[in-house]
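Quick caveat, the model's predicted, so the values are computed rather than measured. Position 1 is the first residue of the sequence, and the numbers go up from there. Counting starts at 1 for both ligands and their atoms, in listed order.
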Amino acid sequence: MSQKIPVGILGATGAVGQNYIYLLQNHPWFEVSYIAASPRSAGKSYREVVASKWLLGANIPEGVADLIIEDANDASKALGRCRFVFSALELDSKDEIKALENAYAALGIPVVSNASAHRWSEDVPMLIPEINADHISVIDAQRKTHGWDKGFVAVKPNCSLQSYMTPIWALMQAGYEVKRMFVTTMQAVSGAGYPGVPSLDMIDNVVPYIGGEEEKSEKEPLKILGKVENGKIVNFGGLKVSAHCNRVPVINGHTACISLEFGDKKPSLAEVEKIWREFRALPQELDLPFAPRQPIIVRSEANRPQPRRDRDEDKGMAVSVGRLRECPLFDIRFVGLSHNTVRGAAGGGILNAELLKAKGYLA
Ligand SMILES: NC(=O)C1=CN([C@@H]2O[C@H](COP(=O)(O)OP(=O)(O)OC[C@H]3O[C@@H](n4cnc5c(N)ncnc54)[C@H](OP(=O)(O)O)[C@@H]3O)[C@@H](O)[C@H]2O)C=CC1
Ligand SMILES: N[C@@H](CC(=O)OP(=O)(O)O)C(=O)O
């Protein structure tokens, strides 16, 4: 019998859910045993619902294709069928997602979520494992507050900021205070889910608006960089961010152009490059299966990184940076890129779950 941990996927039929199904094939620790989506899909086989909109190559993985989809709104259906769930749900409101994720946790089923609903709950860690693995400790307070014994909720941040937060953290950790950041993103259409933005809006076009995205880009870094105090995450107060977010006709891969202003101590371009090349963190030390061996890949070509060429680096989990140069307004500027549905979504969720397992929160 398989010794792998049986896992569920809520929202298994969507763009992120499909990525979970695809990426978890042959995972050394986890095995998909339970899938759930909307009442529209419930009762049907995964193949029946997803065949016409499968996004990841020719075939749906055999182990999952014939599983019957359950209604994700009934958390009790997951009892005894999986030990934790990945949440890739999109419901009508954030409150509904929050309530549903809490319902799973209350039944003793931990939730590793991609949804934004719980990102501002002070006792819910919002993890990029290379940056803030220590935030996991708030789960103990979260369980106490809710009276949950085994269940909990942990989330990952917005997908586009994965393209630059690890490089920025690497500089901060090396002792360079980052005071102000100006970021302009070019975000892939897969970020809007399936079927996403209408083709007539997207082909031959750029849409300079993604609802709620600029607010998330300006706020979420402050929680990611925050500190745990008395069972809560206290936001970092030392960074100001201004964001422009754009939808571009790229299928996968979010690109960001970033300018940074440092405090009094300023690194040279050569130092920045060295810090990025040498950066390693806990996921690499623990040798987690989905951890990129080199979290930040520095491109020296004048015209890189590019989504089509760089998004799949190291299983789609590495961040590629390039075009590092001085900035006439701030101190430095560069381009960052990461795969939005892998590092920014399902792959990031899997890495979070691996970290949580390694730290004893998922048995
Ligand atoms: N796409 C991305 O790059 C990223 C997405 N996210 C987040 O991940 C989540 C999923 O996103 P994405 O996959 O893009 O979205 P999709 O719209 O592609 O998928 C939504 C999923 O939610 C299910 N669903 C919809 N309505 C209900 C309902 N009433 N009850 C239960 N399930 C329902 C759908 O099931 P059905 O097929 O049956 O309708 C589907 O499985 C969102 O919260 C999103 O914000 C986070 C980071 C990046
Ligand atoms: N809004 C992001 C995708 C997403 O779902 O973000 P969030 O996880 O913050 O809801 C994009 O369009 O590319």
Counting heavy atoms only, which of Val189, Ile69, Leu89, Asp71 comes nearest to atom 9 (C) of ligand 1?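 The nearest heavy atom belongs to Leu89.
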From the options His254, Arg119, Lys94, Glu213, select the one whose nearest heavy atom is closest to atom 8 (O) of ligand 2.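 Closest candidate by heavy-atom distance is Arg119.
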Polar contact flag for [X] and ligand 1 (N/O pairs, less than 3.5 Å):
X: Gly11; value: yes
X: Leu91; value: no
X: Ala15; value: yes

I'd like to know if the side chain of [X] reaches the main chain of [Y], judged simply by a donor and an acceptor atom lying under 3.5 Å from each other, with no hydrogens or angles considered.
X: Arg343; Y: Met317; value: yes
X: Thr185; Y: Gln187; value: no
X: Thr145; Y: Ala141; value: yes
X: Arg247; Y: Ala188; value: yes

Going by an N to O cut-off under 4.0 Å, is there a salt bridge joining [X] and [Y]?
X: Arg277; Y: Glu273; answer: yes
X: Lys4; Y: Glu31; answer: no
X: Arg81; Y: Glu70; answer: yes
X: Glu229; Y: Lys227; answer: no

Nearest-neighbour protein heavy atom for [atom], which is reported as residue plus atom name and distance:
atom: atom 19 (O) of ligand 1; result: Gly14 CA, 3.2 Å
atom: atom 44 (C) of ligand 1; result: Glu90 OE2, 4.3 Å
atom: atom 10 (O) of ligand 2; result: Lys216 NZ, 2.9 Å
atom: atom 13 (O) of ligand 1; result: Val16 N, 2.8 Å
atom: atom 14 (O) of ligand 1; result: Gly193 CA, 3.0 Å
atom: atom 37 (O) of ligand 1; result: Thr13 OG1, 2.5 Å
atom: atom 33 (C) of ligand 1; result: Ser38 CB, 3.5 Å
atom: atom 39 (O) of ligand 1; result: Arg40 NH2, 2.7 Å
atom: atom 7 (C) of ligand 1; result: Asn114 O, 3.6 Å

With atoms numbered from 1 as shown, which atoms in ligand 1 lie under 4.0 angstrom from a non-hydrogen atom of [X]?
X: Gly191; answer: 1 (N), 2 (C), 3 (O)
X: Ala37; answer: 31 (C), 32 (N), 35 (O), 38 (O), 41 (O)
X: Thr341; answer: 3 (O)
X: Ala115; answer: 43 (O)
X: Ser41; answer: 36 (P), 37 (O), 38 (O)
X: Gly344; answer: 47 (C), 48 (C)
X: Asn340; answer: 3 (O)
X: Cys159; answer: 48 (C)

CA sep, side-chain torsions, deciding dist, call: Asp71, Lys77, salt bridge (charged side-chain N to carboxylate O under 4.0 Å, His left out): CA-CA 8 Å; Asp71 178 357; Lys77 289 254 172 62; over 6 Å; no
For ligand 2, which atoms sit closer than 4.0 Å to a heavy atom of Asn158?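 The atoms of ligand 2 under 4.0 Å from a heavy atom of Asn158 are 6 (O), 7 (P), 9 (O).
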Gap separating the CG atom of Leu23 from the CG atom of Leu56, nearest 0.5 angstrom: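 Atom-to-atom, Leu23:CG and Leu56:CG are 7.5 Å apart.
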Quick one: CG on Asn235 to CD on Glu220, what's the gap to the nearest 0.5 Å?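 Rounded to the nearest 0.5 Å, the CG-CD separation comes to 10.5 Å.
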Quick check: does Gly191 get an N/O under 3.5 Å from an N/O on ligand 2?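 Such a contact does occur with ligand 2.
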Any nitrogen or oxygen of Gln187 lying under 3.5 Å from a nitrogen or oxygen in ligand 2? Just yes or no.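 Gln187 vs ligand 2: N/O contact under 3.5 Å present.
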Are Val112 and Val153 co-members of a hydrophobic cluster defined by side-chain heavy atoms under 4.5 Å apart?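 Result: no, two separate clusters.
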Residue Arg293 excluded, over 12 heavy atoms near CZ under 6.0 Å: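 No, CZ of Arg293 has 12 or fewer neighbouring heavy atoms, counting only those of other groups under 6.0 Å.
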Does CG belonging to Leu269 count more than 12 external heavy atoms closer than 6.0 Å?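 Enclosed.
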Write down the atom of Thr184, the atom of Asn246, and the distance for their closest heavy-atom approach.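 Minimum heavy-atom contact is CG2-ND2, 3.5 Å.
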Could you go through the side chain to side chain contact (heavy atoms under 4.5 Å, CB included) check for Ile136 and Leu356 one step at a time? CA-CA 8 Å; Ile136 283 177; Leu356 288 158; 3.8 Å; yes
For [X], state whether at least one heavy atom is located under 4.0 Å from any atom of ligand 2.
X: Arg247; answer: yes
X: Cys159; answer: yes
X: Asn114; answer: yes

Mind checking whether [X] contacts ligand 1 via backbone (N, CA, C, O), side chain (CB onward), both or neither, at a 4.0 Å heavy-atom cut-off?
X: Asn73; value: side chain
X: Ser190; value: backbone
X: Gln162; value: neither

Ring centers of Phe84, Phe30 separated by less than 6.0 Å: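 They qualify: ring centres under 6.0 Å apart.
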Over 60° means perpendicular and under 30° means parallel, so tell me whether Phe290 and His27 are parallel, tilted or perpendicular.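 The rings of Phe290 and His27 lie parallel, inter-plane angle below 30°.
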May I ask whether [X] places a heavy atom under 4.0 Å from ligand 1?
X: Ser116; answer: no
X: Lys53; answer: yes
X: Lys156; answer: yes

Go through it in stages, so that I can follow the logic: the residues are Ile224 and Met126, the test is side chain to side chain contact (heavy atoms under 4.5 Å, CB included), and I'd like the CA-CA distance, side-chain angles, deciding distance and then a yes or no. CA-CA 6 Å; Ile224 294 165; Met126 178 158 70; 4.1 Å; yes
